[in-house]
Every structure is written in C-alpha cells, then in structure tokens.
Amino acid sequence: MISINLLALFYLISGVLFILALRGLSSPETSRQGNFFGILGMSIAVVVTFLSVGNFSTSFIYVIVFLLIGGSVGALIAFKIPMTAMPELVAGFHSLVGLAAVFVAISAFVNPEAFNLGFSGNIKLASLIEMSIGAAVGAVTFSGSIIAFLKLRGIMSGAPITFPGQHILNLLILISIIGLTYFLCKTQNSNLFWSLIVISFLVGILLIIPIGGADMPVVISMLNSYSGWAAAGIGFTLENTALIITGALVGSSGAILSYIMCKGMNRSFFSVILGGFGGTDQISKSENKEQKPVKSGNSDDAAFLMKNASSVIIVPGYGMAVAQAQHALREMVDALKKNGIKVSYAIHPVAGRMPGHMNVLLAEANVPYDEVFELEEINNDFANCDVAYVIGANDVTNPVAKTDPQSPIYGMPILDVEKAKSVLFVKRSLSPGYAGVDNDLFYRENTLMLFADAKKMTEDIIKSF
Amino acid sequence: MEIDPFVFRLSIFILSIFVGYYVVWSVTPSLHTPLMSVTNAISSVIIVGAIIAALAGNNENIFNAASIFGFLAIILAAVNIFGGFLVTQRMLAMYKKKKK
C-alpha cells in the first residue's frame with residue numbers, strides 16, 4: 001500500500017509530534033496543545049501501520065474491535081478515576097506498557113516472518129538480542145509496576161520487605177539473565193526465551209518489594225523510565241523510528257524525574273534501589289521523646305491566628321490527599337483572601353506519592369497555578385510570613401534534616417517552615433512520618449499542633465472565622 | 001561498503017535521548033504528574049508492533065499463536081493510549097490562572 005520509505009517518514013513525523021507533546025508541558029498554557037500533538041502523533045502512527053500492512057480482511061475488523069474494547073476501558077478509567085488515585089493509576093498504566101512490550105516481543109519471536117526478522121528458529125542475531133532486551137525490560141516493568149500499584153493502593157503494606165541474601169540473589173538472577181540471553185542467541189531455543197521472561201517477572205517483584213512507601217515517588221519515576229527503555233528495545237526489533245524516539249524520550253523523562261525525586265530526599269539512587277528505608281529501627285528510638293511539651297490548640301485558636309496574619313503559606317502533603325482536604329483548603333484560603341491576607345502554597349518536590357501530585361490536587365480544587373510555588377521559589381518567604389499552615393506534610397518540614405547529622409533524613413532539602421512567626425500543624429497524632437523520624441517542629445515554641453483529621457480541621461476553621 | 005541501518009537507528013536513539021533530556025528539564029515541576037501520564041500514553045505507540053503481529057494471521061487462521069499475543073497487546077496498549085491521553089487532558093484542563 002505505502003512504501004517502506006514513506007512509512008518511515010510518517011513514523012518520524014509521529015516521533016517529532018511526541019517531542020512537541022512533551023515540549024508543550026513547559027507551561028500550563030501550552031500544555032493542552034501539546035497533548036493534542038501527542039494524540040495526532042499516535043493517530044498517524046496507527047493509521048500508517050494499517051496502510052502499510054494492507055490487510056483489510058476479517059483480521060482487520062478484529063483489530064478494530066479489540067482496539068475499541070481497550071479504548072473504552074481506558075476512557076472509562078480516565079473519566080472515573082479520582083485525582084487522589086493518580087499514583088496508582090500511573091503505576092497501573094506502566095504495567096500495561098510493560099506487558100504489551102512482552103507480548104509484542106513474544107509474537108515477534110513466534111512469528112518473525114511477519115516482522116521481516118528471519119525465520120522461526122533462525123532469527124537474525126541482532127533482532128534476537130533486541131527482542132530479548134525488550135521482553136526482559138518489559139517483564140521487569142510489568143511485575144514491578146504491579147507491586148508498586150499494590151503498595152500505593154494499600155492492598156500490600158508500604159513497609160519494605162527485606163530478607164538476608166537479597167542482594168546476592170538479585171545479583172545471581174542478573175547473571176543468569178545475561179547467561180540465558182547468550183545461550184538463546186547461540187541455540188535459538190524457545191525454552192530459553194520463556195525462561196528469560198519468567199525470570200524477568202521475578203526480578204521486577206524482587207526489585208520493588210524492599211522499597212518503602214516514602215520512596216514511592218522514585219519507584220514510579222523509575223518504572224516510567226523502564227517502560228520507555230522496553231519500548232525502545234521493541235522499537236529496535238521492529239525497526240520502527242517512532243517507537244525508538246518515543247522509547248528514548250520516555251526513558252530519559254523517567255530517569256530525570258527519578259533524579260529530581262532522589263535529590264528532593266537527598267538520597268542516592270542506589271540507596272533507594274537497595275531499599276529498606278523507613279523500617280522500624282528508627283521508630284523505637286523516637287518513643288522516649290514523647291514526653292516533651294507540645295502546645296496543642298483547636299480550630300478557634302487557628303482561625304484567630306490566621307485572621308490576624310498578613311501573609312499565610314500553606315504546606316500541603318500526602319495527608320491532604322488521604323483526607324481529600326484540598327477543596328476545604330481552597331475554601332479556607334478564599335475566606336482568608338477576602339480579608340486581604342496574602343496566601344501562597346509551598347510544594348516540596350517529594351510531597352505526595354508521585355512527582356507533581358500536590359499540584360494536580362490543588363488544580364483540581366481550582367487553586368490558580370500561579371499561587372503555587374516550588375521549594376526554591378518560596379523557601380526564603382517563610383521568614384517573613386506570619387502563619388505557616390502545614391496540612392498533611394511531615395518529614396519535608398523537619399528541621400532535624402538541617403541540624404542532626406545522625407538523622408536518616410539529614411541533608412534533605414526541607415521547607416523552612418520553622419522560620420514562620422507561628423506554625424499551625426494539622427496532624428492526627430504525634431506519630432513520626434514515613435521516614436520514621438520524630439519531627440522536631442512539633443516541640444517548637446512557635447508551633448501550635450492541631451490534632452484532627454486534615455479535612456475536618458480545615459472545615460472547622462472556616463466555621464470559626 | 002554501506003552503513004548498517006542499525007547504526008542509523010542507534011543514532012536516532014542516542015539523539016532522541018538528548019532531545020528528551022533537554023525537553024524534560026524544561027517541563028515545569030507543577031506538570032510532572034501530567035508528564036508521567038502523557039509519557040505513558042505515547043510509549044503505547046508500541047501498539048504498531050501489536051497491529052503488525054495481529055494482522056499477520058491469514059483468513060483461515062485469524063487467531064494463531066503469534067497473532068493472539070498481538071491482539072492481547074492491542075487491548076493493553078489501547079487502554080493506555082485512550083486512558084493516558086484522556087486523563088492527561090482532564091488534568092491539564094484543571095490548571096487555571098488567577099482570575100483578575
């Protein structure tokens with residue numbers, strides 16, 4: 001139907017449109033147009049693939065039917081999903097990309113003629129290596145994302161699962177994967193190919209179970225990156241430019257996000273991967289500190305403090321998402337603004353369970369994005385602000401990160417909340433955060449603890465105004 | 001002697017990593033969640049491989065070992081394409097500027 005050269009050019013156009021889709025995300029104004037470019041690129045890729053195969057028989061009808069089934073499921077999920085569940089959704093989507101890569105690799109292995117890769121039992125060496133890489137990375141992405149999904153969804157405990165000899169086991173598996181790929185290329189034995197996939201599934205599970213809940217932003221970004229590399233591996237197998245470009249884009253995007261998240265926690269990528277962070281050993285240490293005096297107040301005290309302030313900074317965290325407090329929070333801020341009080345929001349890079357999680361929730365509650373600031377932009381303003389309202393955040397405000405070299409979170413960049421004239425800290429109890437570290441901020445002179453559910457407290461404050 | 005086409009693909013790959021590197025650094029942090037959902041959607045362009053695999057069957061034998069995996073991959077990738085782009089659209093529609 002269309003020549004391979006023309007096909008390659010169309011795939012190139014798709015690839016360029018995908019680049020523009022990401023480019024659009026540099027600002028909210030251009031982002032919607034960017035998303036349109038992405039959809040256009042995808043449509044072009046799909047249509048020209050149909051034209052190039054040129055098989056419009058019964059198979060084609062089945063393809064369309066399956067496409068629509070999948071598409072309707074996807075659309076339904078997209079419209080129904082609450083914004084607080086975005087981390088799970090993204091993890092779930094990653095697992096689908098991974099599994100799709102595995103399936104495509106399998107069909108290329110079973111029927112290499114269809115892809116011009118040689119013949120069953122005699123596949124071109126380069127193609128075989130590429131499809132093994134694609135299948136292995138895809139399988140790791142799939143099972144790893146499933147574990148991440150279960151942890152984020154709360155079906156599986158967020159606590160890290162570690163056992164003796166874990167790292168040695170992982171190393172042995174890695175060596176066996178390389179060995180399997182080598183013998184697969186030598187013998188073209190299909191059993192080796194299946195074993196490779198099964199072992200890779202296992203790697204994904206082993207890789208993610210030791211990583212604790214606090215490191216989830218890194219995990220999600222990392223799996224994002226893997227799904228890209230898997231797509232690129234398949235792209236090389238299928239000699240498809242659109243897939244190669246996309247794989248490279250997604251792979252580097254995930255890698256950069258992982259880097260930003262690691263930096264936000266002052267942790268090296270390797271220490272996250274090796275896991276075990278947020279275990280129980282630190283919690284026992286903090287128990288004897290509970291006797292320190294803590295000032296606690298109610299919604300009236302909080303309302304009084306905020307009404308008499310001239311500037312307020314809101315520090316949201318994961319607890320806000322759990323309590324679904326973003327809408328109540330916006331109402332509270334509206335009431336403050338009516339009284340002429342300047343309000344802004346401060347977002348820590350690792351607040352929430354995925355990159356940018358808090359920004360989406362605030363956007364959902366109609367908070368204008370130009371009132372929301374990143375750590376570097378706003379950190380100096382705490383010294384001049386009257387009230388900092390910490391809602392659902394904990395570790396990212398802990399001054400210990402600056403003062404105590406013994407602390408596991410030492411060196412992590414934090415929001416300088418303690419510099420505000422008064423700090424209102426909404427929290428259900430004095431329990432430590434995900435890192436298992438007691439927060440020094442609770443015991444400061446200028447801190448008033450508001451022990452309650454984040455949403456209920458915020459609503460009560462609105463009533464007290 | 002001609003250059004192996006693999007080298008060209010490798011060149012595209014390496015250059016795209018660099019393009020990705022610079023483009024992603026320019027993404028504003030407040031849009032990192034939509035970035036993840038849209039990268040999810042575009043990586044499902046893997047559907048082109050699935051379509052080729054699914055259409056490889058002939059009329060007497062639409063569902064053979066290879067095409068079944070193709071069809072399964074089509075479903076998975078389609079969930080992701082539609083779900084990914086639409087949820088991104090939904091999120092981006094919420095980002096508004098201050099009313100003045």
Side-chain angles (χ1 to χ4, degrees), chain A residues 18-19 22-23 25-26 28 31-32 35 38-39 45 49 53 55 57 59 63 66-67 70-71 73-75 77-78 86 90 93 96-97 99-101 103-104 106-107 110-111 114 224 227-228 231 234 238 242-246 248-250 252-253 256 355-356 359-360 363-364 368-370 374, chain B residues 9 12-13 16-17 19-21 23-24 26-33 35-40 42-46 48-51 53-57 59 62 65-66 69-89 91-92 94-98:
Chain A
F18 291 152
I19 295 173
L22 299 195
R23 180 75 188 105
L25 291 171
S26 57
S31 62
R32 286 174 278 261
N35 200 39
I39 296 170
T49 307
V53 180
N55 174 1
S57 60
S59 299
V63 169
F66 282 87
L67 195 85
V73 173
I77 297 173
M86 276 314 289
V90 168
F93 277 170
L96 298 184
V97 178
L99 196 58
F103 285 168
V104 173
I106 291 176
S107 48
V110 178
N111 186 6
N224 187 231
S227 68
I234 301 293
L238 306 186
L243 209 40
I244 294 175
I245 296 178
T246 315
L249 288 179
V250 178
S252 48
S253 158
I256 291 172
N359 303 79
V360 169
E364 187 198 9
Y369 61 83
D370 38 10
E374 305 300 318
Chain B
R9 283 189 282 274
I12 294 173
F13 180 62
S16 303
I17 292 178
V19 171
Y21 180 85
V23 168
V24 171
S26 74
V27 171
T28 164
S30 68
L31 292 175
H32 276 163
T33 299
L35 171 68
M36 300 198 90
S37 60
V38 85
T39 51
N40 236 312
I42 64 172
S43 55
S44 302
V45 73
I46 201 158
V48 299
I51 292 173
L55 290 179
N59 267 343
I62 291 170
F69 281 108
F71 280 114
L72 290 175
I74 287 179
I75 299 186
L76 298 177
V79 172
N80 236 340
I81 293 172
F82 282 74
F85 280 125
L86 288 174
V87 87
T88 309
Q89 192 80 18
M91 277 191 276
L92 294 177
M94 298 184 312
Y95 281 82
K96 290 187 198 86
K97 250 196 154 139
K98 214 182 311 192

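Letters A, B, ... mirror the listed sequences (proteins, then strands); counts begin at 1.
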(message) More than 12 heavy atoms of other residues, nucleotides or ligands under 6.0 Å from OH of Tyr21(B): yes or no?
(response) no
(message) Just verifying a value: how many Å separate Ile46(B) CD1 and Phe103(A) CZ, rounded to the nearest 0.5 Å?
(response) 11.5 Å
(request) Please state whether the side chain, the backbone, both or neither of Leu243(A) comes within less than 4.5 Å of a heavy atom of chain B. (result) both
(request) Would you mind checking which part of Ile106(A) comes under 4.5 Å of any heavy atom in chain B, side chain (CB onward), backbone (N, CA, C, O), both or neither? (result) side chain
(request) Nearest 0.5 Å please: distance from the CG atom of Leu55(B) over to the OG1 atom of Thr49(A). (result) 9.5 Å
(request) State the CG-CD1 distance between Leu96(A) and Ile81(B), to the nearest 0.5 angstrom. (result) 11.0 Å
(message) Taking side chain as everything from C-beta outward and backbone as N, CA, C, O, which of these in Ile17(B) sits under 4.5 Å from a heavy atom of chain A? Side chain, backbone, both or neither.
(response) both
(message) To the nearest 0.5 Å, what is the distance between CZ on Phe66(A) and CD1 on Ile74(B)?
(response) 8.0 Å
(request) Calculate, to the nearest 0.5 Å, the distance between atoms CG and OG1 belonging to Leu25(A) and Thr88(B) respectively. (result) 8.0 Å
(request) Look at the side chain of Asn111(A) and the backbone N and O of Ala53(B), then say whether any donor-acceptor pair between them is shorter than 3.5 Å. (result) no
(request) Apply side-chain contact (heavy atoms from CB on, under 4.5 Å) to the pair Val23(B) and Ile19(A), showing each step before the final yes or no. (result) CA-CA 8 Å; Val23(B) 168; Ile19(A) 295 173; 4.1 Å; yes
(request) Heavy-atom distances under 4.5 Å only: say whether Glu374(A) touches chain B with side chain, backbone, both or neither. (result) side chain
(request) Indicate yes or no for a side-chain donor-acceptor contact from Thr33(B) to the backbone of Gly356(A) under 3.5 Å, with no hydrogens or angles considered. (result) yes
(request) Tell me, for Thr246(A) versus chain B, whether the close heavy atoms (under 4.5 Å) come from the side chain, the backbone, both or neither. (result) side chain
(message) Which atoms of Val38(B) are under 4.5 Å from chain A, going by heavy atoms: the side chain, the backbone, both sets, or neither?
(response) side chain
(request) Measure distances from Ile234(A) to the heavy atoms of chain B and classify the residue's part below 4.5 Å as side chain, backbone, both or neither. (result) side chain
